[in-house]
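Structure, as structure tokens:
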2 protein chains.
Amino acid sequence: MSIRNPKQALYEQFATVAKALGHPLRLEMIEHLAQGARSVEALAAKLGQPIANISQHLQALRRAGIVSAERDGKFVHYSLADDSVLSAFASVRGVAERQLAEVDRIVRGYFDARDDMRPVTRDELRAMMRDGLVTLIDVRPADEFALGHVPGAINVPLREVKAWSAGTDASREVIAYCRGPWCVMSFEAVAALRSLGHSARRLEDGMPEWKAAGLPVEVVTCVASL
Amino acid sequence: MSIRNPKQALYEQFATVAKALGHPLRLEMIEHLAQGARSVEALAAKLGQPIANISQHLQALRRAGIVSAERDGKFVHYSLADDSVLSAFASVRGVAERQLAEVDRIVRGYFDARDDMRPVTRDELRAMMRDGLVTLIDVRPADEFALGHVPGAINVPLREVKAWSAGTDASREVIAYCRGPWCVMSFEAVAALRSLGHSARRLEDGMPEWKAAGLPVEVVTCVASL
DNA sequence: TCGTCATTCAATCGTTCTGTTGAATGACGA
DNA sequence: TCGTCATTCAACAGAACGATTGAATGACGA
């Protein structure tokens, strides 16, 4: 059957997009690209994968219209083609969260006592920040923080959380956020802070969702490149 | 690497869902199941596929939490597990429509003169229906019509459109709808009616989207089973 | 209990996807 | 023009997927 009717041809295109989303590594790449444009090399370093492998997955994503490439000298910077990519990712995640018991099991098993971990909503956070009640920390690496962060947030990369907390008032509540709703970094930051006697909670979602919600973003403009 | 950290495990689950959406036949199955629950046999007949093939694809969808099965005597009725499935489908479609030139090419090539085909929005339709200005036809097969249709719509399956139009006032505008935004039936119905001198347009989207929008649906309750 | 029938399972083969390797490309700077 | 370096291409083996076939399961009615 190489003759296809238009309906089948369309479904093949839709399936192309879904298929491109159907690989854990590519989903992780999308989450990273949602923080900002990245070169192949930078992305490979972040994910701990061979460059050629990342390059091929990027091209799979590009063929599906999920990312776009822009050449800049020696480097090719990839970024998400469209905000609709994030909403597609969110929809797929929503189905998995709602329907797959395995997701629930993983969440309960690894992110222990998730009820205690009830996240702060964006609206709650904004009210708290207005009232100056809490300290907001962005636990992503510095380069991602520089590309855009929640106004008023302090950059405390995950590795530095312990050291940072030693110098702060343990009675003040800390809110942590990172790349997205299932990014482990903010979970771990909260766990670390609590084990040190701090009061800490997570922000729901992460930076891309904050931006997508149309909320203000602060950018560090003059930073020495890492 | 059989040891996975929780993050990778979660991404694998999300990828499972996306992978399940990554096959044209499964997408077509989802569109049919969005009209209402179906047995394996009925779905196979609708799609012109071997039963075993459909059964296997249904199980792939079930493993991904996309459809759910309910046994009823000899038959197993499958239906969409959740409304979030339709929104995931819509998101994926959105990415494809926005980013893949191929989609645009197919639409332009086969659904000729799409500008003339500007669809009627749901709100426009409701206003037109209130004023009694138009005739609304549902061009899906009778069984799908029976399971739910837009109030005031007449069921005119695609094959019967020509015969039906002969007995109607050609000056009255006809609005056609079917299964969804890329279901070809309403395109073809409009083309047929226009070639016969009628004024005809499509409704945007189809029945599942109408229902998802929270608009009223009429069901035929006492119908001889087909 | 037994036959019937819708559905699922199991086994098969051909195709596509994945990750790895090493070579090719293409832009920059000397 | 030539070397350098980021990226991509090409080719391979191993794994997963897809369609088909025929047998097995499980519920119904006699």
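Labels below follow one simple rule: chain letters A, B, ... track the order of the sequence lines, proteins then strands, and each chain is numbered from 1.
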Euclidean distance, A:Glu28 CD relative to A:His57 NE2, rounded to 0.5 Å: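 Interatomic distance, A:His57 NE2 to A:Glu28 CD, rounded to 0.5 Å: 11.0 Å.
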Distance in Å, B:Leu25 CG paired with A:Glu12 CD, rounded so as to fall on 0.5 Å steps: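 CD of A:Glu12 is found 11.0 Å from CG of B:Leu25.
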Plane angle bin for B:His149 and B:Phe145 - parallel if under 30°, tilted between 30 and 60°, otherwise perpendicular: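 If you compare the ring of B:Phe145 with that of B:His149, the planes turn out parallel.
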Geometric class of the B:Phe89/A:Phe14 ring pair [parallel <30°, tilted 30-60°, perpendicular >60°]: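 Perpendicular: the ring planes of A:Phe14 and B:Phe89 meet at over 60°.
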Contact nearer the 5' end of DNA chain C, comparing B:Phe75 with B:Gln59: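 Its nearest nucleotide being more 5', the pick is B:Phe75.
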Paired and unpaired positions of DNA chain D as dot-bracket, Watson-Crick or G-U wobble under 3.5 Å, | denoting a partner strand: ||||||||||||||||||||||||||||||
Nearest whole Å is fine: how far is [N] [atom2] from [X] [atom1]?
| X | N | atom1 | atom2 | answer |
| --- | --- | --- | --- | --- |
| A:Met29 | D:dT7 | CE | C1' | 13 Å |
| B:Leu58 | C:dA6 | CG | P | 16 Å |
| A:Ile51 | D:dC9 | CD1 | P | 15 Å |
| A:Leu43 | D:dA6 | CG | C1' | 14 Å |
| B:Arg38 | C:dT7 | CZ | C1' | 18 Å |

Of the listed nucleotides D:dT8, D:dT7, C:dT7, the one nearest the side chain of A:Ser39: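 Of the options given, the side chain of A:Ser39 lies nearest D:dT7.
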Given the ring of [Y], does [X] sit roughly above its face, with NZ or CZ under 6.0 Å from the centre of the six-membered ring and within 45° of the axis?
| X | Y | answer |
| --- | --- | --- |
| B:Arg71 | B:Phe75 | no |
| A:Arg202 | A:Tyr177 | no |
| B:Arg62 | B:Tyr78 | no |

Where protein sits on nucleotides 14-22 of chain C, one letter per nucleotide: B base, S sugar-phosphate only, - none, heavy atoms under 4.0 Å: ----SBBB-
Per-nucleotide protein contact string for nucleotides 23-30 of chain D (B base, S sugar-phosphate only, - none; heavy atom under 4.0 Å): ----SS--
OP1 or OP2 of D:dT8 under 4.0 Å from side-chain N/O of A:Ser55: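 True: A:Ser55 side-chain N/O within range (under 4.0 Å) of D:dT8 OP1/OP2.
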A:Tyr78 side-chain N/O to D:dA6 phosphate OP1/OP2 under 4.0 Å: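 False: A:Tyr78 side-chain N/O out of range (4.0 Å or more) of D:dA6 OP1/OP2.
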Under a 3.5 Å distance rule, please check whether [X] uses its side chain to pair with a backbone N or O of [Y] as donor and acceptor.
| X | Y | value |
| --- | --- | --- |
| B:Gln13 | B:Leu10 | no |
| B:Gln35 | B:Arg179 | yes |
| B:Glu144 | B:Pro141 | no |

Polar side chain donor-acceptor pair, B:His77 to B:Glu70, under 3.5 angstrom: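 B:His77 vs B:Glu70: no donor-acceptor pair found between side chains.
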